[in-house]
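Numbers restart at 1 for each chain; the letters A, B, ... are given by sequence-line order, proteins then strands. Heavy atoms only: backbone and side chains are in, while hydrogens, waters and symmetry mates are out. Small disclaimer: the values here were computed from a predicted structure and weren't measured.
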Amino acid sequence: MSDLGRKLADALPDAKRAWSDERVQRVEGDMLRRHTRRRVKRAALGALVTLVVVAAGSMLWLRRPQMLTLADGSSIALQDRKSVARVLANTAERTVVELVSGGALFDVTHVEGRLFRVEAGRVAVEVLGTRFVVERGASAVKVRVERGRVRVLGAGPAHILAAGETLELPIGSASSVPSVPVPVDAPATVRQPAAPADAPTESPAAPVPVPVAAPLPVTVDPLAPDEVVAPKAVRHTAPPTPPTWRAPAEQGDFDRAYRELSRSGAKSVRDVPNELLLAADVTRLSHHPLEAVPLLERVVRDHPKDPRAPLAAFTLGRALLDELGRPQQAADAFARARALAPTGPLAADALGREVEAWSRAGDTSRARARAEEYLRAYPKGARLTSVRRFGGLE
Amino acid sequence: MVAPDQEAVGPLTLEAAFRRYVRYVAAIALKIFGRDDDVDDVVQDVFLAAHKGLSGLRDDGAVKHWLGTVTVRVASRRLRMRRLRSFFGLEESRSEEIAAPGMSPEQRTLLVTVYALLDKLPVADRLAWTLRHVDGMDLATVAQYCGCSLATAKRRIAAAARALDEALADE
C-alpha cells in the first residue's frame with residue numbers, strides 16, 4: 001500500500017461502521033425485490049401455463065406430498081398424501097391458493113403490492129409476506145420480526161411488531177416488559193410447528209406455542225387479515241438515553257438522524273462549520289433539501305475563511321439547482337464557491353455548474369460569458385461538453 | 001482449528017450470503033468508487049450476479065474470492081458506462097460528492113482530487129491500482145480479482161501510479 005493509498009483508505013468511511021444493521025436490512029430488501037421481479041418475469045410463461053391448466057379444469061396439480069416453489073420464491077409444502085391444493089391465480093397483484101383438503105405450510109415471499117391469499121372453504125388467510133424469529137430463554141421469550149408484521153399475545157394487550165422491532169416478555173410475569181427495538185442481526189433458531197391437518201396455515205407459522213410453566217403464555221401470530229392496526233412503537237418501561245442526531249448521522253443513518261434532529265430542534269446544531277455541514281448532510285440525504293439551505297448559508301456567511309466554506313457554498317448551489325429548482329440563487333452560490341477558493345479543487349466544477357445554473361435561469365448572456373471563461377481556464381476540463389451545451393457554444 | 005479462510009460456510013442462500021459478506025463487498029466497492037452513495041446499487045448488482053456461483057462454494061476464502069471477482073467486474077462495467085455517458089455529455093462529474101459526515105476538509109480535498117484523477121485513468125489501471133494501494137490487496141489477489149495475469153496487474157498498477165505521480169506533482 002502506498003502512502004497515498006493509505007491516506008485515501010484513512011479518509012474513506014469505514015465500511016463496517018457505515019453498514020449498520022438497518023442499512024443491511026434495507027439494501028437486502030431492495031435486492032430481494034429486484035431478484036423477485038427478475039424471477040417473476042422469467043417464470044411468467046410458467047405461471048401462464050399453470051393458469052391455463054387450472055382454467056381447463058384439470059386443476060389439482062398438487063396431490064402427492066411435495067413442495068412447490070412459486071416463481072416469486074414462495075413455497076407450499078403439503079402435509080401428507082391426503083392434502084390437495086390448487087393455485088387459482090398467480091399474477092403480479094395476487095396469488096390465490098385453494099386448500100382443497102388436508103394441510104400445507106406456506107412460506108410467503110414478500111412481493112411489493114402483491115397479496116397472497118389462501119382459501120379453505122369460507123376461511124381466508126391473507127398475508128403480504130412475513131419472517132420472524134422466536135427465542136425462548138429460561139425466563140423470557142424474545143420475538144424479533146425480520147419482515148412484515150406480527151401480533152404478539154402475552155400478558156396485557158396484544159403487541160403489533162413491525163420489521164426490525166423486538167419484544168421481550170417474561171414468561172412468568174404478570175405484566176409485559178417490552179424492550180427497546182433493536183436492529184435485526186443474525187437470525188437465531190426459529191421453531192415452526194407443522195401445519196395442522198384440518199386448517200390452513202399461513203406462512204411462516206401458526207402461533208408458536210410456548211410450554212407454559214407460568215400462567216402467561218406468549219403467542220405470535222402473523223397479522224390477521226382484518227387487523228389493520230398500524231404498527232405501534234414498542235413501549236419503553238425504562239426510557240434509555242435518547243440518541244442525539246449526530247451519532248446516527250455519523251453512521252450514515254440519515255433518516256433516523258433527521259428524526260432526531262427534528263425532535264431536538266435547530267438549537268441542537270452548534271454554530272461550528274463541521275456541525276452545520278453534518279446537519280446539512282442529514283437534511284439533504286434524508287430528502288429534506290430545503291432545510292439544508294439555512295445551514296449551508298450559515299457556514300458561508302459566518303465562516304467564510306473556514307476551509308470548508310467553499311464546499312458548503314458548492315453544496316448549497318447543488319441543492320438549490322438540482323433539488324429545489326432555484327437556478328439563479330444556485331448560480332450565485334456556485335460563484336461564491338469559486339470566489340472563496342479560486343484555485344481550490346472545486347473551482348472548475350463550480351464554474352461549470354454556474355454555467356448550467358445561468359442557462360436554466362434563462363440568462364443566456366451570463367451563461368455564455370461563464371462558459372467562455374471556463375474554456376479559457378480549463379481547456380481540458382471534465383465539464384467541457386455540458387459547458388458548451390449550456391453556454392450555447394456548440 | 002480451521003483457518004478463517006478455510007472456514008466451512010455450507011451452501012449459501014442469497015440472503016445468507018448477503019448478510020455474511022455485504023460489508024466485505026461494500027468495503028471493496030467504496031474504495032473503488034470513493035463515494036458511499038454508489039455502493040448500495042453496486043452491492044446489490046454484485047450479489048444478484050454472484051449468487052448462482054455461490055452454491056458450489058464451501059469455504060469462506062473461496063466465497064470471498066468469488067465475490068471480490070464479481071465486485072471488480074461490476075465496478076468495471078459501471079465505470080466504463082459512466083465514462084461513455086460522460087463522453088456523450090450524459091453524465092456530469094460528481095467529484096464534489098465524495099464526502100462523508102465527519103470527514104476533515106483535508107481528507108475531503110484529498111479524495112476529491114485523487115478520485116477526479118482516477119476517473120481519467122483507464123478503468124483497468126484504476127481498478128488494479130485501487131485494489132493494491134487503497135485496499136491493500138496482495139498482487140496475486142489483485143490479478144485474480146481483475147481477471148488478468150500477475151505481470152499485467154503489475155503493469156497496470158505501475159501505469160496508474162506514474163500517471164497519479166505526474167498529475168499530483170503538477171498540483
Side-chain angles (χ1 to χ4, degrees), chain A residues 1-2 4-16 18-19 23-28 30-32 34-35 38 185-187 246 249-252 254 257 273-274 277-278 281-282 285 306-308 311 314-315 318 344-346 348-350 352-353 356 381-386 388-389, chain B residues 14-15 18-20 22-31 34 36-37 39-41 43-45 47-48 51 86-90 92-93 95-116 119-120 129-130 132-136 161 164-165 168 171:
Chain A
M1 191 186 274
S2 66
L4 176 61
R6 196 172 303 108
K7 286 180 183 172
L8 291 176
D10 289 343
L12 287 166
D14 180 76
K16 285 183 185 160
W19 279 77
R23 184 176 181 183
V24 170
Q25 189 181 25
R26 175 177 54 77
V27 176
E28 182 190 353
D30 291 343
M31 178 193 69
L32 292 175
R34 284 175 62 187
H35 183 54
R38 287 185 189 180
D185 52 17
R246 296 180 199 91
E250 283 161 2
Q251 291 165 7
F254 296 112
N274 228 15
L277 284 170
L278 181 61
D281 282 345
V282 167
L285 298 174
D306 189 279
R308 289 156 287 205
L311 180 64
F314 192 99
T315 307
R318 282 187 55 232
L346 295 175
D349 282 334
R353 296 231 66 195
E356 179 188 350
R383 293 185 180 270
L384 276 178
T385 306
S386 70
R388 285 200 181 102
R389 183 170 74 241
Chain B
L14 175 57
E15 293 94 322
F18 185 88
R19 282 188 222 121
R20 191 179 172 112
V22 62
R23 291 173 178 92
Y24 176 72
V25 170
I28 299 175
L30 182 60
K31 292 184 177 88
D36 198 36
D37 55 351
V39 173
D40 286 12
D41 283 349
V43 161
Q44 291 181 49
D45 288 348
F47 280 92
L48 288 173
H51 87 276
S86 183
F87 180 78
F88 287 107
L90 299 174
E92 294 294 336
S93 165
S95 56
E96 74 283 356
E97 290 181 16
I98 294 173
M103 195 182 285
S104 74
E106 294 76 20
Q107 288 175 323
R108 273 194 184 185
T109 304
L110 177 71
L111 286 178
V112 167
T113 305
V114 176
Y115 276 90
D119 281 344
K120 296 184 174 120
W129 184 89
T130 309
R132 175 72 175 139
H133 288 297
V134 185
D135 205 275
L164 285 171
D165 287 343
L168 290 171
E171 293 253 323

S.K.: Taking all non-hydrogen atoms of both residues into account, name the closest pair between B/Val43 and A/Trp19 and its distance.
M.R.: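 Closest approach of B/Val43 to A/Trp19: CG2-CZ2, 4.1 Å.
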
S.K.: Would you mind telling me which of A/Lys7, A/Arg308, A/Arg6 has the largest number of heavy-atom pairs within less than 4.5 Å of chain B?
M.R.: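 Highest number of heavy-atom pairs under 4.5 Å: A/Arg308.
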
S.K.: Determine whether A/Leu8 and B/Val114 satisfy the following criterion, side chain to side chain contact (heavy atoms under 4.5 Å, CB included), listing intermediate values before the conclusion.
M.R.: CA-CA 8 Å; A/Leu8 291 176; B/Val114 176; 3.6 Å; yes

S.K.: Tell me, do A/Leu311 and B/Val112 make a side-chain contact under 4.5 Å, heavy atoms counted?
M.R.: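 Contact flag for A/Leu311/B/Val112 side chains = no.
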
S.K.: Looking at every heavy atom in both B/Asp36 and A/Ala18, which two are closest together, and how far apart are they?
M.R.: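 In this case the closest contact between B/Asp36 and A/Ala18 is OD2-CB, 4.5 Å.
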
S.K.: Could you list the residues that satisfy side chain to side chain donor-acceptor pair (under 3.5 Å) with B/Asp135, not counting sequence neighbours?
M.R.: none

S.K.: Which distance, rounded to the nearest 0.5 Å, do you find between the NE2 of A/His35 and the CZ of B/Phe47?
M.R.: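 Going from NE2 on A/His35 over to CZ on B/Phe47, the span is 13.0 Å.
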
S.K.: Using the side chain to side chain contact (heavy atoms under 4.5 Å, CB included) rule, take B/His133 and A/Leu4 through it: C-alpha gap first, then chi angles, then the decisive distance, then the call.
M.R.: CA-CA 8 Å; B/His133 288 297; A/Leu4 176 61; over 6 Å; no

S.K.: Can you tell which of B/Leu30, B/Leu48, B/Leu164, B/Val22 has the highest number of heavy-atom pairs within less than 4.5 Å of chain A?
M.R.: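 Most heavy-atom pairs within the cutoff with chain A belong to B/Leu48.
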
S.K.: Is any side-chain heavy atom of B/Lys31 closer than 4.5 Å to a side-chain heavy atom of A/Leu12?
M.R.: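 Heavy-atom side-chain distance check passes, below 4.5 Å.
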
S.K.: Could you tell me which residues satisfy side chain to side chain donor-acceptor pair (under 3.5 Å) with A/Arg388, sequence neighbours excluded, listed by chain and number?
M.R.: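 Listed in chain order: nothing, the list is empty.
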
S.K.: Do B/Asp40 and A/Arg26 come close enough that some side-chain heavy atom pair is under 4.5 Å?
M.R.: yes

S.K.: With chain A as the partner, which of B/Asp41, B/Asp45, B/Ile28 has the greatest number of non-hydrogen pairs under 4.5 Å?
M.R.: B/Asp45

